Amino acid sequence: MTIYILNGPNLNLLGQRQPEIYGHETLADVEARCETEARDLGLEIRFLQSNHEGQLVDWIHEARMAAQGIIINAGAYTHTSVAILDALKAFDGPVIELHISNVHARESFRHHSYISARADGVMAGFGTQGYELALQRLHRLLAA
Ligand code: CA2
């Protein structure tokens with residue numbers, strides 16, 4: 001089974017700025033830990049990042065045929081993108097929305113998510129460990 005792990009704008013800067021919010025790990029570090037976790041769970045992953053909304057939409061469309069589950073940290077598009085919500089609604093499998101930080105303890109504009117309306121679960125504030133926890137949750141949901 002294949003899981004798409006999609007990362008949105010600015011997450012390519014992870015580990016380079018604002019470590020007090022997002023930690024010290026780079027996105028490559030997170031990808032490596034996801035690879036290890038996925039191997040332990042018997043899952044395949046495609047770990048992707050884009051700063052472009054349409055690219056994220058295209059990958060969600062691709063996942064309709066290529067993946068059984070999606071983990072998405074849409075970054076700031078979480079709070080603005082009806083297009084990503086609509087794309088996720090066209091995906092049949094489980095979707096986990098993920099945020100490294102606890103968005104509810106931050107500015108009020110981060111409290112609303114368009115994606116939550118489609119997500120089967122929302123992970124926020126678990127740091128980069130959230131990616132491994134989300135993989136474990138998808139493994140459980142797909143085994144049921
Ligand atoms: O907590 C999260 O994972 C977020 O999805 C991250 C987004 C933010 O807009 C969301 O409200 C919450 C921002 C990602 C930017 O990541 C950076 C990492 C290091 C340096 C600069 C930006």
Side-chain angles (χ1 to χ4, degrees), residues 1-41 43-64 66-142:
M1 281 199 263
T2 300
I3 307 300
Y4 270 36
I5 305 178
L6 302 178
N7 295 282
N10 297 308
L11 284 159
N12 54 312
L13 299 178
L14 206 63
Q16 297 178 34
R17 290 180 62 89
Q18 297 184 273
E20 68 287 358
I21 300 176
Y22 299 115
H24 289 279
E25 284 190 330
T26 67
L27 201 60
D29 295 331
V30 177
E31 179 174 7
R33 284 200 294 103
C34 285
E35 287 286 1
T36 301
E37 184 68 29
R39 195 176 327 117
D40 290 350
L41 294 168
L43 298 170
E44 299 280 331
I45 61 166
R46 258 198 102 197
F47 192 97
L48 300 161
Q49 188 274 332
S50 177
N51 294 323
H52 304 281
E53 186 175 18
Q55 177 64 81
L56 294 164
V57 169
D58 286 345
W59 282 332
I60 295 165
H61 292 175
E62 187 183 296
R64 296 178 69 232
Q68 284 65 52
I70 293 176
I71 297 168
I72 182 163
N73 183 350
Y77 289 141
T78 303
H79 317 298
T80 62
S81 181
V82 177
I84 291 175
L85 171 63
D86 286 345
L88 289 169
K89 282 182 173 174
F91 179 78
D92 286 333
V95 173
I96 305 290
E97 173 184 349
L98 187 150
H99 302 288
I100 297 167
S101 64
N102 178 2
V103 284
H104 299 290
R106 299 182 63 192
E107 303 97 320
S108 59
F109 65 82
R110 297 186 202 276
H111 297 177
H112 177 262
S113 163
Y114 283 96
I115 291 169
S116 295
R118 165 61 184 90
D120 294 281
V122 180
M123 176 83 64
F126 289 83
T128 52
Q129 187 189 0
Y131 286 81
E132 289 152 283
L133 298 172
L135 275 170
Q136 290 171 19
R137 179 62 183 159
L138 277 186
H139 180 257
R140 177 78 62 90
L141 288 172
L142 290 168

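Reckoned from all heavy atoms, side chains included, excluding hydrogens, waters and symmetry mates. These numbers were taken from a predicted model, which means no experiment stands behind them. Start at 1 and go down the list; that is how both ligands and their atoms are numbered.
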Next on the checklist: Side chains of Y131 and N7: any donor to acceptor distance under 3.5 Å?
Outcome noted: yes

Item to check | Under 4.0 Å to a heavy atom of I100 - the qualifying atoms of ligand 1, by number | outcome: 1 (O), 2 (C), 3 (O)

Checklist outcome for this item: heavy-atom search around atom 21 (C) of ligand 1 in the protein gives Q18 OE1, 3.6 Å

Checklist entry - Can you tell me how far CG of L142 sits from CE of M1, rounded to the nearest 0.5 angstrom? => result 5.0 Å

Item to check | Interfacing atoms of ligand 1 (cut-off 4.0 Å, heavy-atom, L13) | outcome: 19 (C), 20 (C)

Next on the checklist: Residue-level breakdown please: for Q16 versus ligand 1, do any non-hydrogen atoms fall below 4.0 Å on the side chain, on the backbone, on both, or on neither?
Outcome noted: neither

Item to check | Check: N73 N/O within less than 3.5 Å of ligand 1 N/O | outcome: yes

Item to check | Nearest-0.5 Å distance that lies between atom CD in Q49 and atom CG in N10 | outcome: 8.0 Å

Item to check | Which segment of V103 sits under 4.0 Å of ligand 1 when only heavy atoms are counted | outcome: side chain

Item to check | H99 and ligand 1 - part of the residue with a heavy-atom distance under 4.0 Å | outcome: both

Next on the checklist: Using a 4.0 Å cutoff against the non-hydrogen atoms of H79, which atoms of ligand 1 qualify?
Outcome noted: 10 (C), 11 (O)

Next on the checklist: If you compare all heavy atoms of V122 against all heavy atoms of A119, which two are closest, and at what distance to 0.1 Å?
Outcome noted: CG2-CB, 4.3 Å

Checklist outcome for this item: Only residue of L98, L27, T128 satisfying side-chain contact (heavy atoms from CB on, under 4.5 Å) with N73 is L98

Item to check | Element-labelled atoms of ligand 1 that are located less than 4.0 Å from some non-hydrogen atom of A76 | outcome: 9 (O)

Next on the checklist: Please check whether R110 reaches ligand 1 - meaning an N/O of the residue sits under 3.5 Å from an N/O of the ligand, judged on distance alone.
Outcome noted: yes

Item to check | Identity and separation of the nearest protein heavy atom to atom 18 (C) of ligand 1 | outcome: Y22 CD1, 3.6 Å

Checklist entry - With sequence neighbours left out, what residues match D120 under salt bridge (Lys or Arg N to Asp or Glu O under 4.0 Å)? => result R118

Checklist outcome for this item: At under 4.0 Å between heavy atoms, what of N10 touches ligand 1? The answer is both

Item to check | Smallest separation among heavy atoms of P19 and H24, with atom names | outcome: CB-CE1, 3.5 Å

Checklist entry - Which of these passes side-chain contact (heavy atoms from CB on, under 4.5 Å) with I72: T78, L6, I96? => result L6

Next on the checklist: Please work out, at 4.0 Å between heavy atoms, whether the side chain, the backbone, both, or neither of R17 comes within that distance of ligand 1.
Outcome noted: both

Checklist outcome for this item: Numbered in order shown, the ligand 1 atoms found under 4.0 Å of a heavy atom of G75 are 5 (O), 7 (C), 9 (O)

Checklist entry - Using the ring of each side chain (for Trp, its six-membered ring), is F109 parallel, tilted or perpendicular to H79, with breaks at 30° and 60°? => result perpendicular

